[in-house]
K.L.:
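First, the structure itself, so that you have it in front of you.
Every chain is numbered from 1 and lettered A, B, ... according to where its sequence line falls, protein lines coming before strand lines. Since we're looking at a predicted model, the values are computed, not measured.
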Protein chains: 2
Amino acid sequence: MTDVRTWALPATGADEHGPCGDEDCGIRDVLDRLGDRWSVLVLVELTKGVRRFGALKAAVPGISQRMLTVTTKRLVRDGLVERTVYPTIPPQTDYRLTPTGESLARAVADLADWSRRHKEVIALARARFDRDHPGEL
Amino acid sequence: MTDVRTWALPATGADEHGPCGDEDCGIRDVLDRLGDRWSVLVLVELTKGVRRFGALKAAVPGISQRMLTVTTKRLVRDGLVERTVYPTIPPQTDYRLTPTGESLARAVADLADWSRRHKEVIALARARFDRDHPGEL
DNA sequence: CCGAATCCGCAGCGATACTG
DNA sequence: CAGTATCGCTGCGGATTCGG
């Protein structure tokens, strides 16, 4: 082991500066909403019009009441969804997209289109990878 | 409690059918990638060109070595990123976007634009909500 | 320099039961 | 019908250590 190699590199000079682009680029704010399991699904469903709590629950199969309440509440908090409560005797609650919510929904729809167009390519890549590198990931 | 109200509703007739739209709509596949904390950031950084492991780590401030390895590996698995290893003596690894990865990065960039344009509106809505409904969420 | 392996806290989410 | 409260599990992700 007389070979001294101090782990020095020829220096690629690739010394970038900041976080991701120029500034703080608040992608995270949006992605934290889109990141959870349900927000997007609810958003998409509301694209089709006003929905009541139960209708949403029915339209988003896997979701639990709890997660639906939590999700809608977060969306309302961010000003993406508006909630209207009718104090009838079985209570009724309507959810609708705000203008902001609609514009986000459109942006998301574009991403959905992308995923539909590429889902097979991705599935194929995954299959390849899992075949060539079994046991990883 | 003689008042019998079986919790029946006037029937809104809002009986949607399937999961989210028409079919399975594989938004989830993509969102599961975008959902985690780092994939998008790495993707965006790679938009600027080929990057080595260390350069990525430097460009994505908060990330740990572990999460960078995990993230890149997942991206490679999905065929969004290509990995080139040079068996030099300190090893060198380059990451670059595949064509698929580039197209996804563009779609994501649109979403980033949206978030930048609306971040203040959202922040405002949140502040309002937290002020009017303290203790929730 | 690049990465694998281990340990561990904590948030997300589901299941269930209860209220108005 | 719409929503709250509590519990328990699971997996992401951070810190750290070891290896080629």
Side-chain angles (χ1 to χ4, degrees), chain A residues 1 3-15 28 31-42 50-58 60-74 76 81 83-95 133 135-137, chain B residues 1 3-15 28 31-42 51-58 60-76 81 83-95 133 135-137:
Chain A
M1 282 300 189
D3 191 342
V4 180
R5 252 193 262 91
T6 24
W7 296 129
L9 249 222
T12 21
D15 243 74
R28 289 251 58 82
L31 258 57
D32 284 347
R33 294 287 125 264
L34 270 46
D36 63 70
R37 212 166 199 72
W38 305 110
S39 301
V40 181
L41 285 305
V42 172
V50 182
R51 290 288 185 271
R52 312 184 32 167
F53 189 89
L56 278 178
K57 180 153 173 34
V60 184
I63 201 170
S64 60
Q65 332 82 308
R66 176 182 138 80
M67 284 322 293
L68 184 53
T69 17
V70 172
T71 302
T72 51
K73 192 172 285 187
R74 288 202 281 230
V76 168
V81 165
R83 202 176 90 135
T84 317
V85 180
Y86 300 98
T88 55
I89 268 308
Q92 174 170 348
T93 320
D94 284 357
Y95 295 91
H133 312 270
E136 297 190 38
L137 271 177
Chain B
M1 279 300 187
D3 190 343
V4 181
R5 250 195 263 91
T6 23
W7 297 130
L9 249 221
T12 21
D15 243 76
R28 289 251 59 82
L31 258 56
D32 284 347
R33 295 286 124 264
L34 271 46
D36 63 70
R37 212 163 197 72
W38 304 111
S39 301
V40 181
L41 284 306
V42 173
R51 290 288 184 272
R52 313 186 31 172
F53 189 89
L56 278 177
K57 181 153 171 35
V60 183
I63 201 171
S64 60
Q65 333 79 308
R66 176 179 135 81
M67 285 322 292
L68 183 53
T69 348
V70 173
T71 302
T72 50
K73 190 173 284 187
R74 288 201 280 229
L75 291 173
V76 168
V81 165
R83 203 175 89 132
T84 318
V85 181
Y86 300 99
T88 54
I89 268 307
Q92 173 171 349
T93 321
D94 285 356
Y95 294 92
H133 312 270
E136 297 190 37
L137 274 179

K.L.:
Tell me whether B:S39 contacts the main-chain N or O of B:D36 through its side chain, where contact means a donor paired with an acceptor under 3.5 Å.
P.N.:
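Looks like no, no N/O pair under 3.5 Å.
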K.L.:
Rounded to whole angstrom units, what separation is found between the CD atom of A:Q92 and the P atom of D:dA2?
P.N.:
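Between P of D:dA2 and CD of A:Q92: 7 Å.
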K.L.:
Does the side chain of B:K73 get closer than 4.0 angstrom to OP1 or OP2 of C:dA4 through an N or O atom?
P.N.:
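For C:dA4, OP1/OP2 do have a side-chain N/O of B:K73 under 4.0 Å.
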K.L.:
Roughly, in whole Å, what's the span from CG in A:L56 to P in D:dA2?
P.N.:
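About 9 Å, once rounded to whole Å.
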K.L.:
Enter the distance from A:F53:CZ to A:Q65:CD here, rounded to the nearest 0.5 Å.
P.N.:
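So the CZ of A:F53 and the CD of A:Q65 are separated by 7.0 Å.
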K.L.:
Using rotation axes that map the C1' atoms of four end pairs onto the next four (five pairs an end), what angle separates the end axes of the helix from C:dC1-D:dG20 to C:dG20-D:dC1, to 10°?
P.N.:
40°
K.L.:
Could you run through nucleotides 8-18 of chain D and give me one letter per nucleotide, 5' to 3': B if any protein heavy atom sits under 4.0 Å from the base, S if only the sugar-phosphate is that close, - if neither?
P.N.:
-----BBBB--
K.L.:
Looking at CG of B:L31 and CZ of B:R33, how far apart are the two atoms once the value is rounded to the nearest 0.5 Å?
P.N.:
10.5 Å
K.L.:
Between D:dG3, C:dG3, C:dC1, which nucleotide gets closest to the side-chain atoms of B:P90?
P.N.:
C:dC1
K.L.:
Could you walk me through whether A:R83 and A:T93 pass the side-chain contact (heavy atoms from CB on, under 4.5 Å) check?
P.N.:
CA-CA 7 Å; A:R83 202 176 90 135; A:T93 320; 3.6 Å; yes
K.L.:
Are any of B:Y95's side-chain N or O atoms less than 4.0 Å away from OP1 or OP2 of C:dC2?
P.N.:
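For B:Y95, the contact criterion (side-chain N or O under 4.0 Å from OP1 or OP2 of C:dC2) is not met.
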K.L.:
So, is A:R52 near the phosphate of D:dA2, with a side-chain N or O under 4.0 Å from OP1 or OP2?
P.N.:
yes
K.L.:
May I have the distance from A:L34 (atom CG) to C:dG12 (atom C1'), rounded to whole angstrom?
P.N.:
16 Å
K.L.:
Take the protein atom NZ of A:K57 and the nucleotide atom C1' of C:dA15, then report the distance between them rounded to whole Å.
P.N.:
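From A:K57 NZ to C:dA15 C1': 11 Å.
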K.L.:
Work out which heavy atom in A:P87 is nearest to a heavy atom in A:V85; give both atom names and the distance.
P.N.:
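Heavy-atom minimum between the residues: CD-O, 3.7 Å.
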K.L.:
I'd like to know whether A:R37 forms a side-chain contact (heavy atoms from CB on, under 4.5 Å) with A:M67, so could you lay out the CA-CA distance, the side-chain angles of the two residues, the decisive distance to 0.1 Å, and finally the verdict.
P.N.:
CA-CA 9 Å; A:R37 212 166 199 72; A:M67 284 322 293; over 6 Å; no
K.L.:
Can a side chain N or O of B:T93 be found less than 4.0 Å away from OP1 or OP2 on C:dG3?
P.N.:
yes
K.L.:
Can you check side-chain contact (heavy atoms from CB on, under 4.5 Å) on B:I63 and B:L41, steps first, answer last?
P.N.:
CA-CA 10 Å; B:I63 201 171; B:L41 284 306; over 6 Å; no
K.L.:
Would you please name every residue forming a salt bridge (charged side-chain N to carboxylate O under 4.0 Å, His left out) with B:D32, sequence neighbours left out?
P.N.:
B:R28
K.L.:
Specify the separation, in whole Å, of atom CG of A:L41 and atom C1' of C:dC13.
P.N.:
14 Å
K.L.:
What's the CG-P distance between B:D32 and C:dG12, to the nearest Å?
P.N.:
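Rounding to the nearest Å, CG of B:D32 and P of C:dG12 are 15 Å apart.
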K.L.:
Tell me the interatomic distance from A:D94, atom CG, to D:dC1, atom C1', rounded to whole angstroms.
P.N.:
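Taking CG of A:D94 and C1' of D:dC1, I get 12 Å after rounding.
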K.L.:
State whether B:R83 places a side-chain N or O below 4.0 Å from either non-bridging phosphate oxygen (OP1 or OP2) of C:dG3.
P.N.:
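Indeed, a polar side-chain atom of B:R83 lies that close.
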K.L.:
Kindly indicate, with the supporting measurements, whether the criterion side-chain contact (heavy atoms from CB on, under 4.5 Å) is fulfilled by B:L68 and B:V42.
P.N.:
CA-CA 8 Å; B:L68 183 53; B:V42 173; 4.1 Å; yes
K.L.:
Report which part of the nucleic acid A:Y86 touches: base, sugar-phosphate, or nothing (heavy-atom distance under 4.0 Å, all strands).
P.N.:
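Answer is nothing: A:Y86 stays at 4.0 Å or more from every strand.
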K.L.:
So, do B:L137 and A:R74 sit near enough that their side-chain heavy atoms are less than 4.5 Å apart?
P.N.:
yes
K.L.:
Expressed in angstrom and rounded to an integer, what is the separation of A:L68 atom CG from C:dG14 atom P?
P.N.:
11 Å
